[in-house]
Amino acid sequence: MKALIDASRQRLAISVNAELTMLYWQIGWAINTDVLQQSRADYGKQTVLALARQLSAEYGGSFSEKNLRRMMQFADVFPEKEIVVSLMRQLSWTHLLALIPIKDPLKRAFYAEMCRLDRWSVRALRQHIDAMLYERTAVSRKPEAAIAQDLTTLRETDQLTPDLVFRDTYVLDFLGLPAAHSEATLEKAVVGRLQEFILEMGQGFSFLERQKRISVDDTDYYLDLLFYHRKLRRLVAIDLKLGKFRPEHKGQMELYLRWLDRYDRQEGELPPIGLLLCSEGNTEHVELLLLDQSDIRVAHYLTELPPKEWFEQKLHKAIELARQQLDQHSL
């Protein structure tokens with residue numbers, strides 16, 4: 001009986017939330033187009049204030065001037081009713097309030113779709129925005145048309161691409177590593193704080209093995225960490241490296257991936273993908289080796305969270321440089 005009651009209440013809450021979200025969008029749209037006719041002049045402000053007073057008197061504080069302006073912003077940043085209909089089934093009005101201040105439409109769409117797909121709480125959504133998840137994800141480095149295509153595919157099919165999953169920078173401050181540490185110390189710390197590591201990697205990762213033995217001829221190699229990503233349906237080989245990425249790391253990872261593809265890949269899975277997690281970046285080497293076109297990703301990990309201003313500047317500069325290089329290659 002309790003299960004039936006709880007399920008019914010949950011369905012009712014979802015239905016009420018969806019109805020309210022559509023109501024707020026329709027009110028915002030009506031004010032913008034019919035009342036103000038997209039004008040933001042002084043008389044328009046007085047009109048919204050007068051409207052708020054009338055609605056609040058009859059329907060309560062939910063229709064205050066502040067809330068009406070939120071509804072107007074909502075209709076501004078989500079002008080397509082079809083997208084609102086899709087989002088309101090799974091995102092609450094509070095989720096949408098967290099998305100509204102994001103000015104970049106592609107960035108906003110990324111958070112909306114990932115939130116919908118991974119069922120983030122409002123708190124998790126805000127944490128991902130504050131941690132600049134979009135800027136750290138590989139998709140942000142792509143040309144805008146390519147980003148839009150990836151997001152459209154995600155919206156229509158719920159299919160993730162590696163560029164939406166893997167990041168260029170991972171913040172591992174929770175490991176408590178000293179400035180001078182070894183690869184073995186890093187690996188041990190990751191396994192010891194596996195839950196936090198998976199949260200930073202992103203939803204969908206499952207841990208399989210540590211020090212996976214790869215036997216080729218009469219030689220044994222050991223892969224640091226082996227994961228599986230449910231939504232990508234791929235084994236994920238992770239090798240931890242101190243210092244910068246070096247060309248020989250590519251050959252080593254290719255060997256691991258081909259062995260895993262031959263001996264460990266199960267029916268229905270896609271080919272394995274590799275992540276080289278390095279303590280320092282080495283962008284030009286990665287670019288020259290065309291790793292962005294392969295099944296190998298190279299990322300930089302930080303053992304401390306830098307000041308937000310430094311972090312923002314570094315990531316925005318990296319995005320701009322990557323897009324310029326892509327534009328040059330396309331000419």
Side-chain angles (χ1 to χ4, degrees), residues 120 123-124 126-138 140-141 162 165-214 220-229 235-253 256-257 272-286 291 296-319:
W120 292 340
R123 181 181 178 185
R126 288 175 175 156
Q127 287 175 337
H128 285 308
I129 294 172
D130 289 342
M132 302 184 70
L133 174 62
Y134 173 74
E135 287 84 353
R136 293 192 287 131
T137 305
S140 67
R141 269 69 172 164
V165 171
F166 291 97
R167 308 170 190 177
D168 289 338
T169 305
Y170 292 89
V171 181
L172 307 182
D173 55 330
F174 54 86
L175 296 180
L177 291 167
H181 58 272
S182 66
E183 290 178 3
T185 302
L186 173 60
E187 181 189 326
K188 184 177 179 180
V190 167
V191 174
R193 303 292 294 272
L194 197 57
Q195 182 177 359
E196 292 95 332
F197 181 74
I198 291 176
L199 287 173
E200 174 60 14
M201 290 295 295
Q203 204 159 345
F205 282 92
S206 300
F207 176 64
L208 298 181
E209 289 187 60
R210 173 188 182 186
Q211 288 295 302
K212 170 74 174 179
R213 187 171 71 175
I214 308 288
D220 288 338
Y221 303 92
Y222 292 89
L223 171 66
D224 289 335
L225 302 166
L226 182 63
F227 285 80
Y228 180 75
H229 196 280
L235 290 167
V236 180
I238 300 180
D239 229 15
L240 307 171
K241 300 294 183 184
L242 292 186
K244 297 181 178 180
F245 165 78
R246 297 197 302 269
E248 55 264 34
H249 296 160
K250 174 178 181 284
Q252 184 182 39
M253 180 57 78
Y256 294 163
L257 294 181
I273 190 166
L275 173 64
L276 290 161
L277 202 51
C278 305
S279 62
E280 298 179 52
N282 214 4
T283 307
E284 191 173 2
H285 278 78
V286 174
L291 291 185
I296 299 175
R297 298 290 187 273
V298 178
H300 172 210
Y301 71 86
L302 301 173
T303 57
E304 294 181 357
L305 182 64
K308 188 172 183 179
E309 295 75 17
W310 178 91
F311 202 37
E312 289 176 345
Q313 184 179 12
K314 178 180 175 63
L315 291 176
H316 287 307
K317 184 177 179 180
I319 290 171

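Count residues from 1 along the sequence. Computed from a predicted structure; not experimentally measured.
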Visitor: Looking at every heavy atom in both Leu208 and Leu235, which two are closest together, and how far apart are they?
Guide: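 Here Leu208 and Leu235 meet closest at CD1-CD2, 3.5 Å.
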
Visitor: Assess the side chains of Ser140 and Thr137: does a donor N or O sit below 3.5 Å from an acceptor N or O?
Guide: no

Visitor: Enter the distance from His300:NE2 to Lys244:NZ here, rounded to the nearest 0.5 Å.
Guide: 10.5 Å

Visitor: Strictly distance-based, threshold 3.5 Å: is any side-chain N or O of Arg136 a donor or acceptor partner for the main-chain N or O of Ala131?
Guide: yes

Visitor: Give a yes or no answer on whether the side chain of His229 reaches the backbone of Phe205 with a donor-acceptor pair at less than 3.5 Å.
Guide: no

Visitor: Which distance, rounded to the nearest 0.5 Å, do you find between the CZ of Arg167 and the CG of Leu133?
Guide: 4.5 Å

Visitor: Could you tell me the separation between the CE atom of Met132 and the OG1 atom of Thr169, rounded to the nearest 0.5 Å?
Guide: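 So the gap between those two atoms works out to 10.0 Å.
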
Visitor: Apply the side chain to side chain donor-acceptor pair (under 3.5 Å) test between Glu209 and each candidate in Lys212, Gln211, Arg213; give the one that qualifies.
Guide: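 Going through the options one by one, the only one that passes is Lys212.
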
Visitor: Should we count CD of Gln195 as having more than 12 external heavy atoms under 6.0 Å?
Guide: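 No.
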
Visitor: Quick check: do Leu175 and Val190 have side-chain heavy atoms less than 4.5 Å from each other?
Guide: yes

Visitor: Can you name the closest pair of heavy atoms from Val298 and Cys278 and give their distance?
Guide: CG1-SG, 4.3 Å

Visitor: With sequence neighbours left out, what residues match Gln203 under side-chain contact (heavy atoms from CB on, under 4.5 Å)?
Guide: Asp118, Trp120

Visitor: Suppose we screen for side-chain contact (heavy atoms from CB on, under 4.5 Å). Which residues come up paired with Asp239, at least two apart in sequence or across chains?
Guide: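 With sequence neighbours excluded, Asp239 shows a side-chain contact (heavy atoms from CB on, under 4.5 Å) to Leu223, Asp224, Lys241, Gln252, Met253, Tyr256, Leu276, given in chain and number order.
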
Visitor: Roughly how far apart are Met201 CE and Leu172 CG, rounded to 0.5 Å?
Guide: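 Nearest 0.5 Å value for the CE-CG distance: 9.0 Å.
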
Visitor: Taking 4.0 angstrom as the limit, do Arg193 and Glu200 come out as a salt bridge?
Guide: no

Visitor: Provide the closest heavy-atom pair for Ala299 versus Tyr170 in the form atom of the first, atom of the second, distance.
Guide: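 Here Ala299 and Tyr170 meet closest at CB-CE1, 3.6 Å.
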
Visitor: Which is it for Leu199 and Phe174 under the side chain to side chain contact (heavy atoms under 4.5 Å, CB included) test, yes or no, and what are the steps along the way?
Guide: CA-CA 11 Å; Leu199 287 173; Phe174 54 86; over 6 Å; no

Visitor: At their closest point, which heavy atom of Leu242 faces which heavy atom of Ser182, and how far apart are they?
Guide: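 Closest approach of Leu242 to Ser182: CD1-CA, 3.6 Å.
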
Visitor: Going from CG on Leu240 to OG1 on Thr185, what distance comes out if it is rounded to the nearest 0.5 angstrom?
Guide: 11.0 Å

Visitor: Of all the heavy-atom pairs spanning Val191 and Arg210, show the shortest one and how long it is.
Guide: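 Answer, listing the atom of Val191 first, then Arg210: CG2-CD, 3.7 Å.
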
Visitor: Name the one of Phe197, Phe227, Tyr228 that satisfies ring pair (Phe, Tyr, Trp, His ring centres under 6.0 Å) with Phe207?
Guide: Phe227

Visitor: Kindly give the heavy-atom pair with the smallest separation between Gly243 and Ser279, and that separation in Å.
Guide: N-OG, 2.5 Å

Visitor: At what distance, to the nearest 0.5 angstrom, does CG of Leu177 lie from NZ of Lys188?
Guide: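 Answer rounded to 0.5 Å: 12.0 Å.
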
